[in-house]
Amino acid sequence: MRIKELLNQRFSAAMQAAGIPSECSPTLALSGKPQFGDYQANGAMGAAKRMQTNPRELAQKILDNLDLDGIAAKLEIAGPGFINIHLSSEFLASSLSDKITNTAANQQTVVVDYSSPNLAKEMHVGHLRTTIIGDTLARVLEYQGHKVVRQNHMGDWGTQFGMLIAELEEHLGEGEQAELALNDLEVFYQQSKKHFDADTEFADRARAYVVKLQSGDQHCRDLWQKFITVSVAHSLEIYHQLNVGLREQHVKAESSYNDDLENVVNDLVTQGLAVESDGAKVVFLDELADKNGDPSPMIVQKSGGGFLYATSDLAALRHRVNNLHADRILYFIDARQSLHMKQVFATGRKANFVPPSVSLEHHPFGTMMGPDGRPFKTRTGGTVKLADFLVEAVERAERLVREKNTELDDSEIKVVARKIGIGAIKYADLSITRTNDYIFNWDAMMSFEGNTAPYLQYAYTRIRSIFRKANIDPDTFSTAVEITQVQEKTLAFKLLQFEEVIDQIAADCYPHTLCAYLYELASVYMSFYEHCPVLKDDVPAKTQQSRLQLCALTAATLAQGLDLLGIEVMEKM
Ligand code: ARG
């Protein structure tokens, strides 16, 4: 059991015994400072207010009924009625050998919608955040035993595809192979756009192809499929490089909902939710009215009959509820799509596509900025291809590793450079509060000091090297921990908080809390290592074993935490 949960139970029982109404909670929190203990229970104040009594006296009553024998070493009342809990070293030591379960009590089916790039162009740095934040949450929820269904809602169905397949048709007509023509999707897109703007005959054909494609014309469908195959393969390659768990089977692109779009609109019209407006079908949402009181419009069908982004999102909602049986649906999409998501959610609820028991959550995020404080661009102002960006990260990491290390051979350096380069990018992003913008900085993220991936990866390798030196396998090492030094206690307590941190991330979807935790863990470990010698000759055997156990647990926790962030570790760097 989590320590916090255990304390919660004991405090609730004590509060009940003290005659406090059961709605009052113990409100347990980690203490900010060591002098206030390890946890604080702040519930006496709220309860006293409610019962109109003196909070310090009530806190004392709670203490009189509280049974924390074998758990707390000291309990004290502070200030207006805080209860400070100092956990006992023996309790912490013995808790370390209990396997704390990582499975959540309430197992759910969770749909995670992330990455979801538009296939008309190559993935660019703007796709990084959704891809890695979403992947972290998928990993965290899976770790907790939930059934996670990854959904890559790729954009493969917009008007641009008419232009792209018309262009492809011409290339193929000249005898070119599709793979070759689409070798650089960015260039291909620019080419067809130029063509479209300059040549009205081509533009007319492109427009006609959109309609033909969407109504199932075989020729257009074949051309489109060629394009999509190349574009999807490109994204899958990026996921592979990024160590992100999205595979072909997670692709559920917009086009897959095509046959259901008319039903969605008909349903909305029958229910009186969608109405005609200038020939289009529109849902007007009063609950999202602007400051003038005008309802927020969401178009679900254009006057020409075409369907929109919102229509496929509504179809996707239904699919996720009815076929995937989601209890919770998470969307990792840029904050700029917040209104769109609100409209889709509100309409999905009103139309009963989604029962109240299913949780719909848009988890937005800010923008990655260049050094000039504006969205990250190339020197000439173009979008940065994600593929190029990842290559640069690995190259930079390789230079760094070569500067620092001569112990690794060439092929080892390649592997380590990839883990460091990709890890650095991911960590720099994940360690920032999701909803904030952040300024991208190669040097800071690649630094071996501070709150970075290389720092944590390095901390891990250092611990592993202790075991190599001692000729012990840390993965099977298991012995009782004995706590005598304050640094040992601090480290033990930190290690025991891991699952609580994961619980929190599973609930609020803010991965930076895990980064902050891992960074603190590494720092607490460093101070432990400075004060508590492990392999020195004069360390008694029993103490040495206990300290080795703390080292092994720290390494395992670092590796587990980084793995949940999709960051790999290595034995040496
Ligand atoms: N393809 C969209 C874009 O690039 C993101 C899709 C996100 N997911 C969704 N269900 N709307 O902006």
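Values reported hereafter were calculated over all heavy atoms of this structure, with side chains retained and with hydrogens, waters and symmetry mates removed. When a ligand or atom number is given, it counts from 1 through the structure's own listing order.
- Closest protein heavy atom to atom 6 (C) of ligand 1: Y309 OH, 3.2 Å.
- Within the listing of ligand 1, atoms 7 (C), 8 (N), 9 (C), 11 (N) sit less than 4.0 angstrom from a heavy atom of I333.
- Those atoms of ligand 1 that come under 4.0 Å of a heavy atom in Y331, given as number and element, are 10 (N).
- Checked by atom type, the side-chain pair Y458/E449 shows no donor-acceptor distance below 3.5 Å.
- The shortest N or O to N or O distance between E254 and ligand 1 is not under 3.5 Å.
- Using modelled atom types, one finds a donor on one side chain and an acceptor on the other under 3.5 Å when comparing Q160 with Y189.
- For ligand 1, one of its N or O atoms has an N or O atom of Q337 under 3.5 Å away.
- The aromatic ring centres of H340 and Y309 sit less than 6.0 Å apart.
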Query raised in the report: Please walk me through it: do F376 and F389 pass ring-ring contact (aromatic ring centres under 6.0 Å, His included)?
Result: CA-CA 11 Å; F376 195 81; F389 183 68; 5.7 Å; yes
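- From the protein, the heavy atom lying nearest to atom 8 (N) of ligand 1 is D113 OD1, 3.2 Å.
- Note on E122 versus K385: salt bridge recorded, some NZ/NE/NH1/NH2 to OD/OE distance being below 4.0 Å.
- Considering both main-chain and side-chain atoms, D313 comes within under 3.5 Å of ligand 1 through a nitrogen or oxygen pair.
- Judged by a 6.0 Å distance limit and a 45° cone about the ring axis, K281 is not positioned over the six-membered ring of F307.
- Polar contact with ligand 1: absent for H340 (N/O pair, distance under 3.5 Å).
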